[in-house]
Amino acid sequence: MGKFPVIVFDFETTGLSPGRGDRAIEIGAVLLQDGQIIDRFQSLMNPGIPVSPFIQGLTGISNAMVRRAPRCAEVMTAFADFIGQHPLVAHNATFDARFLDAELARIDRIRTNEMACTLLTARRIYPHISSHKLEALIRYKKLHSEGVFHRAAADAEMTARLWVAMIEDVKKLAGLSELSLEAIQKLCRISKARAQSLFTQEHGL
DNA sequence: TGCCAGGCCCTCTTTAGGGCCTT
């Protein structure tokens with residue numbers, strides 16, 4: 001695991017699209033350094049709009065729970081302070097980045113942090129597996145799980161474990177002792193075929 | 001009214017379509 005600290009985070013939301021009015025209802029994050037979780041952030045938040053029965057069923061987060069929670073602005077202000085300028089990591093990062101940027105815009109803050117994506121990385125280094133969902137990757141790498149999915153803190157922590165495991169795999173296969181975020185981002189940008197020849201055929205991963 | 005995300009990436013592609021992944 002690289003020496004540089006990264007924030008691994010996950011949102012639960014009212015739906016798929018902030019552009020359609022969907023909002024964040026929970027944020028979970030961990031601060032990783034040297035492969036260890038050294039800090040955590042978790043909070044439900046009240047978006048001021050109803051949580052649909054579908055999302056309540058998916059996440060277990062009810063309207064009563066978000067009504068009791070602090071407003072999004074309050075939570076996102078604290079979260080913005082928590083992430084600082086650390087690089088960010090999320091599973092399907094474009095999804096979480098859209099909600100992060102939308103919620104930050106509502107409190108007049110702008111994200112400048114770089115981001116890496118465990119989904120894109122996993123598709124590159126494990127191209128042979130049938131699913132790259134977070135749950136499937138946790139099972140594939142035999143990583144510890146409490147069996148809780150679709151809650152922000154649990155998903156952020158599992159994403160962090162996955163990130164650490166993938167960094168170790170890439171380092172091993174590439175013969176490197178350290179791996180920068182930039183190197184991971186580059187890996188995501190190379191073609192699947194090239195990644196396959198790098199990591200599957202030559203190294204038997 | 002009815003519909004409604006967006007980005008990545010593969011492929012029987014690029015003058016496009018569809019699956020995966022996130023909630």
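First the proteins, then the strands, lettered A, B, ... as listed; each starts at 1.
- Residues satisfying the side-chain contact (heavy atoms from CB on, under 4.5 Å) test with Pro70(A), not counting sequence neighbours, are Ser43(A), Glu74(A), Val75(A).
- Among residue pairs with one or both ends in residues 46-67 of chain A, none qualify as salt bridge (Lys or Arg N to Asp or Glu O under 4.0 Å); sequence neighbours excluded.
- By the side-chain contact (heavy atoms from CB on, under 4.5 Å) test, Thr118(A) is found to be paired with Val89(A), His91(A), Thr159(A), Leu162(A), Trp163(A), Met166(A), residues two or more places apart in sequence or in another chain being considered.
- Listed by chain and residue number, Ser131(A), Lys133(A), Arg139(A) satisfy the side-chain contact (heavy atoms from CB on, under 4.5 Å) test with Ala136(A) (two or more places apart in sequence, or in another chain).
- Heavy-atom nearest nucleotides on DNA chain B were determined for Gly15(A) and for Gly19(A), and the one closer to the 5' end corresponds to Gly19(A).
- Enclosure of atom CD1 in Ile110(A) is not indicated, since only 12 or fewer non-hydrogen atoms of other residues, nucleotides or ligands lie within 6.0 angstrom.
- Counting only heavy atoms from C-beta outward, the side chains of Ile25(A) and Thr14(A) approach each other to under 4.5 Å.
- For Arg124(A), the listed nucleotide lying nearest its side chain is dC9(B); candidates were dC9(B), dG7(B), dT23(B).
- A distance-only check finds a donor-acceptor pair linking the side chain of Asn113(A) to the backbone of Gly84(A) [under 3.5 Å].
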Any N/O pairs under 3.5 Å between the protein and nucleotides 16-22 of chain B? List them or say none.
residue	atom	partner	partner atom	Å
dC20(B)	O2	Arg123(A)	NH2	3.4
dC21(B)	OP1	His132(A)	N	2.5
dC21(B)	O2	Asn92(A)	ND2	2.9
dT22(B)	OP1	Leu134(A)	N	2.8
dT22(B)	O4'	Asn92(A)	ND2	2.8

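- Spacing between dG18(B) and dC12(B) at atom C1', rounded to whole Å, works out to 13 Å.
- Nucleotides dC8(B) and dG2(B) are separated by 34 Å at their P atoms, to the nearest Å.
- Under a 3.5 Å cut-off, the side chain of His86(A) and the backbone N or O of Leu32(A) do not form any donor-acceptor pair.
- Between dT1(B) and dG19(B), the distance separating the two C1' atoms is 29 Å to the nearest Å.
- Distance check on atom C1': dC9(B) versus dC3(B) gives 26 Å, rounded to whole Å.
- Remark: nothing in residues 99-116 of chain A comes within less than 4.0 Å of DNA chain B through any heavy atom.
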